[in-house]
Amino acid sequence: MSQEIRRKKDDHAQIVRRGVHSYNRAEQWVKPENPLLLERLEWFKDQKLGLMMHWAPYSQLGIISSWALSDGDAYWSRASIDWDVDGEEFKQQYFALNKTFNPVRFQPELWAELAAENGFKYLTFTTKHHDGFCMWDTNTTDYRITGPESPFRTHKYADVCKQLFDAFRAKGLGISTYFSKADWHTPTYWAPGMKQGNEMSRGASYDAKEHPELWEQFVQFTHEQIMELMTNYGRIDMLWLDGGWVRPSRGEDIRLEEVVEKARKTQPWLLTVDRGVGGVNENVLTPEQTVPDVAMDVPWESNITMGSDWSFRYENEHDYKPIRELIHLLIEVVAKGGNLALNVGPQPDGRLPKTAITRIKELGAWLNVYGEAIYGTRMCEPYSGDNCYFTRKGDTIYGFYLYEDDNETVQTEVHLPITQSFECIDLLGGQENLEYRPTESGIVVQIPDNEPSVQSPIAHVFRMR
């Protein structure tokens with residue numbers, strides 16, 4: 001492994017362990033009372049692997065999505081704005097990107113086929129990020145993919161959300177709609193002429209209590225957008241809401257319960273994610289760029305980028321996590337009770353990056369052999385230990401022994417720290433009925449001599465019954 005690749009790997013590991021921000025813990029989760037929602041949460045926990053996508057006009061610049069617009073976040077979000085421009089000029093340039101965003105190489109059926117054939121079970125797509133640009137044919141604003149200034153408006157795939165949702169749904173995948181509760185483009189949220197002038201932060205530019213009429217306009221605007229997605233775009237499995245600062249405790253009450261109740265009249269099975277806020281509308285917890293330290297017996301998903309950022313970046317292949325790291329992340333997340341929502345940022349021309357496609361196919365090839373130990377499983381004590389992880393499906397326990405890199409010596413015996421007896425232990429993708437012996441701290445499983453040893457496997461996966 002070269003020093004550069006090893007450095008990238010270490011950087012990835014530090015980001016994933018550190019995370020981006022705090023998230024609500026298991027003890028803060030509120031269990032729904034609705035039996036249908038409880039049933040759908042079990043469905044969600046069966047899926048294990050979702051494809052997340054951040055895609056909009058910002059992909060043309062290869063910068064972080066939306067955040068550089070916020071003057072209050074400029075200290076960290078404008079590090080990649082390396083051309084000669086001040087904050088106000090940059091905002092003008094950014095908000096004009098809709099006039100040049102023309103992804104004519106967009107092929108939603110190919111995206112859906114790639115995801116379905118390689119083990120992904122649901123799609124979480126950014127219908128609208130904080131910048132306010134809508135990737136669906138909304139009636140609420142011209143700042144949309146089908147708007148009068150969009151060169152893509154006459155394309156047969158112009159209504160991106162409709163095309164994606166229909167294509168992924170046709171392949172049997174669930175649909176989760178990412179939607180930002182904040183909107184930095186609409187003048188009823190970032191309203192001009194307020195006391196801070198042009199200096200904008202992530203929240204509204206005014207106090208909702210001081211301007212109740214203006215705030216009510218924004219609430220109605222937000223409800224209308226959400227209801228468009230919930231009524232005009234087929235079955236939606238989850239409404240995935242971002243912008244956690246938009247909440248009653250911070251003076252920005254969009255009356256979420258009200259619009260969720262309306263949405264569930266059309267989509268009674270609808271799960272909701274009011275991420276970071278907690279309460280009855282956070283059906284699923286969403287750690288960002290991190291894996292929890294401990295197992296959590298509630299519905300949750302880790303949202304982790306495949307590359308270096310959420311949106312498309314002009315980068316080389318080493319900025320993507322290697323397949324070994326991605327699979328190890330999946331195993332750890334699933335063993336701790338969660339799903340992995342793996343993010344890919346499509347290119348501005350409408351294609352997926354070549355390295356992302358390669359990683360997706362590599363992931364699919366591994367899951368084709370070992371997916372039995374991933375999908376539909378639940379947590380199994382001791383969860384993890386000694387480089388091992390465990391899952392359970394009914395009376396069958398699956399054990400994973402992870403190898404850190406390609407050059408690690410393949411073990412002839414593997415110690416699994418699980419203290420119970422089994423009638424039969426099989427090596428998934430290999431020999432059945434392996435020899436094993438108990439120890440005080442678990443069991444030692446004999447690896448067959450015919451296992452290849454030139455390159456260490458990503459993991460040995462055992463079926464124990």
Side-chain angles (χ1 to χ4, degrees), residues 8 11-12 15-16 18-21 52-106 124-135 143-145 147 149-152 160 178-180 182-186 189-190 198-203 242-243 245 288-289 303-321 342-356:
K8 290 286 186 181
D11 289 345
H12 294 156
I15 291 171
V16 169
R18 184 172 63 248
V20 174
H21 50 65
M52 197 174 202
M53 289 184 162
H54 283 67
W55 190 45
Y58 49 73
S59 64
Q60 296 171 94
L61 296 183
I63 62 172
I64 187 171
S65 48
S66 298
W67 283 103
L69 289 169
S70 170
D71 298 294
D73 293 278
Y75 68 96
W76 64 269
S77 66
R78 292 181 184 168
S80 60
I81 311 304
D82 56 1
W83 58 99
D84 186 19
V85 62
D86 63 21
E88 288 308 303
E89 186 177 355
F90 168 75
K91 293 177 194 176
Q92 294 174 12
Q93 293 176 350
Y94 185 107
F95 282 128
L97 289 171
N98 66 311
K99 300 175 184 178
T100 53
F101 186 52
N102 193 23
V104 294
R105 302 179 77 175
F106 172 47
T124 299
F125 184 72
T126 47
T127 65
K128 182 184 78 167
H129 206 257
H130 313 322
D131 61 12
F133 187 81
C134 299
M135 294 291 280
Y143 198 57
R144 65 184 193 270
I145 191 65
E149 294 182 320
S150 170
F152 196 59
V160 167
Y178 174 112
F179 179 91
S180 173
D183 190 314
W184 297 341
H185 184 268
T186 183
Y189 192 75
W190 269 10
N198 292 328
E199 289 293 313
M200 298 295 185
S201 62
R202 62 183 65 181
D242 202 0
W245 58 92
E288 181 176 336
Q289 293 285 53
N303 316 125
I304 295 179
T305 55
M306 183 182 291
S308 62
D309 214 326
W310 297 103
S311 52
F312 173 74
R313 302 296 292 268
Y314 295 93
E315 54 195 353
N316 63 50
E317 63 176 332
H318 298 316
D319 290 308
Y320 283 80
K321 297 174 179 64
L342 195 57
N343 184 87
V344 173
Q347 296 178 172
D349 64 359
R351 293 177 297 163
L352 298 181
K354 288 183 178 180
T355 307

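The shortest heavy-atom contact between F90 and L69 is CE2-N, 4.0 Å. The minimum heavy-atom distance between S77 and A68, with the atom names listed, is OG-CA, 3.3 Å. Considering every non-hydrogen atom in both M135 and T126, the closest pair reads CG-O, 3.8 Å. In plain terms, the two heavy atoms of Y314 and P348 that are nearest each other are OH-CG, 3.8 Å. Between W190 and G203 the shortest heavy-atom distance is NE1-O, 3.1 Å. Between D183 and G132 the shortest heavy-atom distance is OD1-CA, 3.4 Å.
A salt bridge is absent between R78 and D86; no separation between the charged side-chain nitrogens and carboxylate oxygens falls under 4.0 Å.
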Would L97 and F133 count as a side-chain contact (heavy atoms from CB on, under 4.5 Å) here? Give the steps.
CA-CA 10 Å; L97 289 171; F133 187 81; over 6 Å; no
Between Y143 and T186, is a side-chain contact (heavy atoms from CB on, under 4.5 Å) present by the stated rule, with each step listed?
CA-CA 9 Å; Y143 198 57; T186 183; over 6 Å; no
Stepwise, does the side-chain contact (heavy atoms from CB on, under 4.5 Å) test hold for K321 with I304?
CA-CA 10 Å; K321 297 174 179 64; I304 295 179; 4.0 Å; yes
Could you walk me through whether D71 and E88 pass the side-chain contact (heavy atoms from CB on, under 4.5 Å) test, one step at a time?
CA-CA 9 Å; D71 298 294; E88 288 308 303; 4.3 Å; yes
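Under the side chain to side chain contact (heavy atoms under 4.5 Å, CB included) test applied with R313, the options S80, S59, P353 reduce to a single match, S80. Each of F95, W55, Y58 was checked for a ring pair (Phe, Tyr, Trp, His ring centres under 6.0 Å) with F101, and the lone residue meeting it is W55.
The aromatic rings of W184 and W67 sit perpendicular to each other, their planes meeting at more than 60°, with 30° as the lower class boundary.
Atom CG of D82 is separated from atom CD1 of I63 by 10.0 Å, given to the nearest 0.5 angstrom. Between N343 atom CG and M53 atom CE the span is 8.5 Å, to the nearest 0.5 Å. To the nearest 0.5 Å, atom CD of residue Q60 and atom CG of residue N98 are 9.0 Å apart. Note that the CG atom of D131 and the NZ atom of K91 stand 13.5 Å from one another [nearest 0.5 Å]. Taken from CZ in F312 to OG in S65, the straight-line distance is 14.0 Å, to the nearest 0.5 Å. Note that CD1 of I81 is 7.0 Å distant from CG of L61, once rounded to the nearest 0.5 Å.
V85 places none of its side-chain heavy atoms less than 4.5 Å from the side chain of Q92. When side chains are defined from C-beta on, W83 does not count as touching E89, because their heavy atoms never get closer than 4.5 Å.
Side-chain atoms of H129 and S66 include a donor-acceptor pair closer than 3.5 Å. Judged purely by distance below 3.5 Å, without hydrogens or angles, the side chains of S180 and H130 pair a donor atom with an acceptor atom. With 3.5 Å as the limit, one finds a donor-acceptor pair spanning the side chains of D242 and Y178.
Taking a 6.0 Å sphere around CG of D349, one finds it holds more than 12 heavy atoms contributed by other residues, nucleotides or ligands.
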